[in-house]
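Here the structure is laid out as structure tokens; the discussion comes afterwards.
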Amino acid sequence: MKFGYFDDQRREYVITQPDTPLPWINYLGCQAYFGIISNTAGGYSFYRDARLRRLTRYRYNNVPFDLGGRYIYLRDNQSNQFWSPSWQPTRHQLERYECRHGMGYSIIGSEYQGVEARTRYLVPLDENLEIWQLTVTNHRPAPAKLSVFSSVEFCLWDAQDDSANFQRNFSTGQVEIEDEVIYHKTEYRERRDHFAYFACSAKIAGFDTQREPFLGPYRGWDSPLALERGESANSVAHGWAPIASHHVKLDLKPGESRQIVFVLGYHENPKEQKFDPPDSQTVNKKSVKAVIAKYRNPASADAAFEQLRQYWDSLLRICQVETPCVHTNRMVNIWNAYQCMATFNISRSASFYESGIGRGLGFRDSNQDLLGFVHMVPSRARERILDIAATQLPSGGAYHQYQPLTKRGNNDIGGNFNDDPHWLILGVAAYLKETGDWSILEEPVPYDNEPGSEQPLYEHLQRSFQYTLARLGPHGLPLIGRADWNDCLNLNCFSDTPGQSFQTTTNKEGQVAESVFIAGLFCLAGRELAEITCRRPCPDGKEKLQSPCSSAAKLANGYLAEVARMEEAIRQHGWDGEWFLRAYDDFGGKVGSKECEEGKIFIETQGFCTLAGAGLDNGMARKALASVRQHLATEHGIVLQQPAYSRYYLELGEISSYPPGYKENAGIFCHNNPWVMIGEARVGNGDSAFDYYSLINPSKREEISEIHRCEPYVYAQMIAGMDAPTHGEAKNSWLTGTAAWNYFAITQWILGIRTSYDGLEIAPVVPKGWKGFKATRKFRGVTYQVDVERVGPGNNVALTVDGVLTAGDVVAPPPEGVRQVAVKVTLS
Ligand code: BGC
Ligand code: NOJ
């Protein structure tokens, strides 16, 4: 069952009924100002940091959970009836409801008793504000006397504090009202130099800035007293709960349309120019007036929309494919890339499953997010890499997370996740391959943001590698620390106290528990580091050398020797006979072995080791992948492990805290399904790789939306596994490493258009039944038109580049000045 349809032409998903199984959301903003918007206009906004600079309020554990939003009410002043054109919060039975989620904007429209209302919500590029552009049309044969009421509820900036510290919060709220603009200035009188504003383009009949007079005592957003009365209370907030609402009267002739633009924004003043006049307590509005005036004008709002569309057009044009599969095309060309922008921007911090107060940017998460983003805006990827690296500790270890506003490591979430440092190497390698910008390696970057500790980024990568070498366990495999990629495999936690965080508690010294996953990661990162080391231009500033200088070669060989030693340790101690082991626990017992009662086989090591190339030469990779097919694959994707843990295991931690089939306890944790896809591609099995890709492809799952329940246009972190009563139900949509890894797997390994240091590598491993496919890829300033034709069942590639038969599978950069290259590929 579907709740809408894809409009691929316009790059929109169109939701046709408001009561989707869960709120289906979109993100507004892609630079510094962000908003979450659901298909019924629920959601909130923030500037840079969802915790520290929250503009509008979100109430935790609310029902429904998207409540609190960008709500506009309409009122018929003849019948005194009022309704929400976005369905929520009044939930009137609307005629012709439609929500179009597009690239950075959402349009929610409906008709009710002959009155059509359509609101386009968007954040203009390079601005810290959002526009709600409302068009109301009277389709009645008679004139309509209407009122429009806008509404937002302000958050008192720090969202965590806002939701808890009521004894203070109820007394701090302050606003100013001037020229149809409501300014929210709580705490501006003291240490803040920022404020929010909510403006309206029309002449207003009234306003409210205090919640209670607007809603009425004991009432909710579904039945505001102001709407019942047909009049605002003109309230001025002192303490309690500042809101902003405008009342606009609209008399429309039959067939007449009118536009009103609302502008909600964030603004900062220089400290010394906070007040106007300077010795007053009145907000200095001089520097914000121009921007408000600009966007209150519908023509500017239209222009902003057009610019946004062009921006996305240019981003998406970088990689476009035309395959025999509509779901692949739609995800690669539109939605998967779009989701990668959201995960790059927001990491795991703010969605309807991530509260925005819990997590900042993850060290490992953000590095992986780069894989699906770096081709779109490499300059931002560069900045992100340097920010992440600056939080690295001198030991080479990492804070698990950092706050985007301060860019400082966040101690509350803990550290010692021993996989973290290696992801930096992979993130940097992806950046270098995409851009060829070797200068990034020489950028001075501090440790733990400590001034004076700066070292070239390259040194950070070396420390990442050394971090593991200094932490090897009894089998020569990496110690796991607090956990590895699987945050819930807490082998040193031993928590028996309710409420203790599995993520920060450690009750054992941690000198025994080892991770085979980190071993695989180490091998991949080590090989990348060796290659970077060889290719790195000599730091004396000379041009890139043809062959590495001898000290670099020595260093690289040293890395490769460690990798070889680790591969041997995996063969000796990380192989269970039919698949890769997962770990050793604190007692030296096996995790993920046929000897275990539960949790005999895990996906992570099968996926990551094969992706990293382990066991390609000796049959282990193929065996491991066959075991995945046999034990872990389901019709909804590959589960994380089997058999699911049926009880709590003190020595395993959070993984066994989940009921069977959910999250890390045998859920389909979509993030690591692409590792298996890449593994399958590496052993040349295109049918299997693509089959796994299709199982979790959201667009493919659209037709089972009543089972999947999350948005059909983006990946979710998890789909319930076969041990759960709700097998096939997705949760935690949007913010997941699944986005970047799927993008990477399909574009770089299945379609096989891969960035490399020497050029664009083209090595597709696609289904046998495909006759071919086409792709356009912009790479280092050149547009490659790739045309793949299958002439035999295998994966052997023959390249013809601009008409010239070329050996190998790498298309070298064309001569200076050439901007277009045609690549004909035959697969046999
Ligand atoms: C979740 C993990 C998550 C971790 C850190 C756990 O409860 O199961 O998926 O990575 O918390 O936030
Ligand atoms: C979600 C976290 O964001 C990610 O870092 C982790 O790898 C997975 N959960 C698995 O636990």
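Position 1 is the first residue of the sequence, and the numbers go up from there.
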In plain terms, say whether [X] and [Y] are close enough for a salt bridge, that is, a side-chain N and a carboxylate O under 4.0 Å apart.
X    : Y    : value
E442 : R536 : yes
R364 : D487 : yes
K508 : E651 : no
E190 : K274 : no
R192 : E268 : no
R527 : E531 : no

Would you mind reporting whether [Y] and [X] have side-chain heavy atoms less than 4.5 Å apart?
X    : Y    : value
Q368 : L426 : no
H671 : Y715 : no
L477 : I518 : no
T391 : K407 : no
V512 : Y584 : no
R57  : F154 : no
W741 : L611 : yes

Report task. Would you check, one step at a time, whether the test ring-ring contact (aromatic ring centres under 6.0 Å, His included) holds for W157 with H184? Result -> CA-CA 10 Å; W157 302 116; H184 173 229; 5.5 Å; yes
Shortest non-hydrogen contact from [X] to [Y]?
X    : Y    : value
G510 : L479 : O-CD1, 3.6 Å
E664 : Q641 : O-OE1, 3.1 Å
L640 : N486 : CD2-ND2, 3.8 Å
Q748 : T755 : OE1-N, 3.4 Å
S464 : P421 : OG-O, 3.0 Å
L361 : N345 : CD2-O, 4.2 Å

Ring of [Y], cation from [X] - is the NZ or CZ under 6.0 Å from the centre and inside 45° of the axis?
X    : Y    : result
R471 : Y467 : yes
R54  : Y44  : yes
R48  : Y266 : no

Query raised in the report: Considering residues, nucleotides and ligands other than E509, do more than 12 of their heavy atoms fall under 6.0 Å from its CD?
Result: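 Incorrect, the count does not exceed 12.
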Query raised in the report: Taking everything shown except R59 itself, do over 12 heavy atoms lie less than 6.0 Å from its CZ?
Result: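 Yes, the 6.0 Å shell around CZ holds more than 12 heavy atoms from other groups.
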**Report entry** Sole candidate of R380, R384, R348 that passes salt bridge (Lys or Arg N to Asp or Glu O under 4.0 Å) when paired with D369
**Finding:**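 Per the salt bridge (Lys or Arg N to Asp or Glu O under 4.0 Å) rule, the option paired with D369 is R348, out of R380, R384, R348.
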Query raised in the report: Hey, which of F465, F517, Y559 is the one that makes ring-ring contact (aromatic ring centres under 6.0 Å, His included) with F522?
Result: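 Between F522 and the candidates, ring-ring contact (aromatic ring centres under 6.0 Å, His included) is satisfied uniquely by F465.
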Report task. Determine, step by step, whether D484 and R582 satisfy the salt bridge (Lys or Arg N to Asp or Glu O under 4.0 Å) criterion, reporting the C-alpha distance in whole Å, the side-chain angles of both residues, the deciding distance to 0.1 Å, and the verdict. Result -> CA-CA 11 Å; D484 59 22; R582 179 62 178 84; 2.9 Å; yes
**Report entry** Test salt bridge (Lys or Arg N to Asp or Glu O under 4.0 Å) applied to E459 and R463, step by step
**Finding:** CA-CA 6 Å; E459 166 82 22; R463 290 205 195 176; 3.1 Å; yes
Query raised in the report: How far apart are the C-alpha atoms of D419 and R482, what are their side-chain angles, what is the distance that settles it, and do they pass the salt bridge (Lys or Arg N to Asp or Glu O under 4.0 Å) test?
Result: CA-CA 10 Å; D419 63 312; R482 197 181 300 290; over 6 Å; no
Query raised in the report: Should E187 and R191 be marked as a salt bridge (Lys or Arg N to Asp or Glu O under 4.0 Å) after you check the CA-CA gap, both sets of side-chain angles, and the distance that decides it?
Result: CA-CA 7 Å; E187 291 188 347; R191 292 155 296 175; 5.5 Å; no
Report task. Please report the C-alpha distance between W423 and F608 in whole Å, then the side-chain angles of each, then the deciding distance to 0.1 Å, and finally whether the ring-ring contact (aromatic ring centres under 6.0 Å, His included) criterion is met. Result -> CA-CA 13 Å; W423 299 109; F608 216 87; 5.7 Å; yes
Query raised in the report: After noting the C-alpha distance and the side-chain angles of E354 and S351, does the key distance pass the side chain to side chain contact (heavy atoms under 4.5 Å, CB included) rule?
Result: CA-CA 5 Å; E354 298 287 1; S351 70; 3.7 Å; yes
